[in-house]
**Q** 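The structure under discussion is supplied below as structure tokens; questions concerning it will follow.
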Amino acid sequence: MADLASDETSGIPIASTDRGADQLHRNVLIGLALLLAIAPFVAYPVFVMKVLCFALFALAFNLLLGYGGLLSFGHAAFFGMASYVSAYAAKNWGLTPELAILSGTAIAAALGLVFGALAIRRQGIYFTMITLALAQMLFFFCLQTPRFTGGEDGIQAVPRGRLFAVVDLADDRALYWLVAAIFMAGLLAMYRIIHSPFGEVCKAIRDNEPRAISLGYRVNRYKLTVFVLSAALAGLAGATKAIVFQLASLTDVHWSMSGEVVLMTLVGGLGTVFGPIAGALVIVAMQNYLASLGAWVTVVQGVVFVICVLAFREGFVGVVAKAIKKPL
């Protein structure tokens with residue numbers, strides 16, 4: 001783990017330079033970029049794009065829970081609403097894919113500001129239940145407004161369009177490079193956030209909120225900011241997913257989607273940078289390759305989750321990080 005030094009003016013622990021950990025992270029990021037470069041040539045591009053979308057979603061949730069200490073059961077609200085807005089903007093307004101994705105992300109961030117301002121007034125289980133209640137309200141809104149969401153049918157046949165009015169995204173491989181770029185941008189943004197002074201203060205609030213308050217930090221402002229950032233990243237994942245699958249549906253805003261992202265994060269490793277990516281890969285691969293089992297897929301997921309909780313409490317990546325004594 002990175003050595004911690006105390007900031008003399010604030011008393012908040014600030015991570016000192018750990019060249020070994022920095023080099024390890026740099027190598028992992030380079031290796032991940034190389035894997036993304038060869039992935040569409042050795043695997044089905046649409047499957048890889050699905051993994052990347054949900055990995056970005058899990059990274060967003062991990063930013064909130066793993067580094068902000070805030071457990072939300074309503075993150076599907078941001079993922080799903082961004083998906084609907086992106087799909088609607090592309091199909092009904094004729095926006096180019098980059099503008100449709102940006103519009104979905106912006107709406108998710110705005111929604112995160114509203115939901116976060118309400119939820120952070122409470123702590124612990126009360127915060128969690130408020131996020132779930134707000135997400136359920138949004139789900140029923142989407143269900144009862146078929147003129148916008150398509151109701152139970154969703155928004156189908158969403159055009160992929162042309163990126164910057166030049167690159168035709170109808171080709172899966174062309175679209176893959178856009179999704180890979182969005183994923184890497186989201187990953188690097190999250191990495192920068194958690195290793196910034198802002199991120200260190202968020203970790204301090206997570207570990208000891210009363211002390212952070214006593215040091216003069218406006219805790220609620222930090223909580224709201226990390227909530228909005230997490231919502232924006234979740235929205236970016238949902239908006240991209242709508243373009244990839246040319247579909248936005250009620251599944252995207254259902255409470256079960258919030259449960260899935262929790263599962264992905266915990267299986268991969270809560271509070272790790274790369275854990276949610278591994279967790280998303282495991283869960284999406286199970287859903288894809290075990291689809292023939294039907295409803296039994298959820299049973300298998302439950303078994304995997306129980307095993308992880310009992311044998312790998314830190315998650316797959318967390319166990320590796322503990323073994324090599326370096327943060328991942």
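Note that the coordinates shown come from a computational prediction; the quantities given were computed from them, not determined experimentally.
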**Q** Is it true that atom OH of Tyr126 has more than 12 heavy atoms of other residues, nucleotides or ligands lying nearer than 6.0 Å?
**A**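 12 or below, so no.
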**Q** How are the rings of Phe148 and Tyr84 set to each other: parallel, tilted or perpendicular (split at 30° and 60°)?
**A**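 Ring orientation, 0 to 90° scale: tilted.
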**Q** Would you say Leu187 and Ile277 make side-chain contact, with heavy atoms under 4.5 Å?
**A**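 Counting from C-beta outward, Leu187 and Ile277 do come under 4.5 Å.
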**Q** Examine Phe78 together with Phe115 and report whether their ring centres are nearer than 6.0 Å.
**A**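 Between Phe115 and Phe78, which both carry aromatic rings, the centre distance is below 6.0 Å.
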**Q** Salt bridge or not for Arg160 and Asp172, using N-O below 4.0 Å?
**A**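 Looking at Asp172 together with Arg160, the answer is yes, because their closest N to O distance falls below 4.0 Å.
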**Q** So that I can tick it off, tell me whether Arg162 and Glu98 are bridged by a salt bridge, with the cut-off set at under 4.0 angstrom between side-chain N and carboxylate O.
**A**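 Answer for the salt bridge query: no.
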**Q** Take Tyr176 and Tyr44 through the ring-ring contact (aromatic ring centres under 6.0 Å, His included) test and state the conclusion after the steps.
**A** CA-CA 10 Å; Tyr176 170 82; Tyr44 184 42; over 10 Å; no
**Q** Do the two ring centres, one from Tyr289 and one from Phe47, sit under 6.0 Å apart?
**A**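 Aromatic pair counts; centres sit under 6.0 Å.
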**Q** Are Pro45 and Arg173 close enough that some pair of their side-chain heavy atoms sits under 4.5 Å apart?
**A**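 A side-chain contact exists here, since the closest heavy-atom pair is under 4.5 Å.
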**Q** Could you tell me which non-hydrogen atom of Phe198 sits nearest to which non-hydrogen atom of Val226, and how far apart they are?
**A**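 Taking every non-hydrogen atom into account, CZ-N, 4.0 Å.
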**Q** Hey, does Leu113 have a side-chain heavy atom less than 4.5 Å from the side chain of Phe227?
**A**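 Of all side-chain heavy-atom pairs linking Leu113 with Phe227, none is under 4.5 Å.
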**Q** If you apply the rule ring-ring contact (aromatic ring centres under 6.0 Å, His included), what do you find for Phe73 with Phe61, and how did you get there?
**A** CA-CA 10 Å; Phe73 277 167; Phe61 180 78; 8.2 Å; no
**Q** What do you reckon, is CH2 of Trp255 surrounded by more than 12 foreign heavy atoms closer than 6.0 Å?
**A**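 No, because the 6.0 Å sphere around CH2 of Trp255 holds 12 heavy atoms or fewer from other groups.
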**Q** For Phe57 and His75, take the angle between the two ring planes, folded into 0 to 90°, and tell me which bin it lands in: parallel under 30, tilted 30 to 60, perpendicular over 60.
**A**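 The rings of Phe57 and His75 lie parallel, inter-plane angle below 30°.
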**Q** Assess the side chains of Asp252 and Ser83: does a donor N or O sit below 3.5 Å from an acceptor N or O?
**A**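 Yes, a side-chain donor-acceptor pair sits under 3.5 Å.
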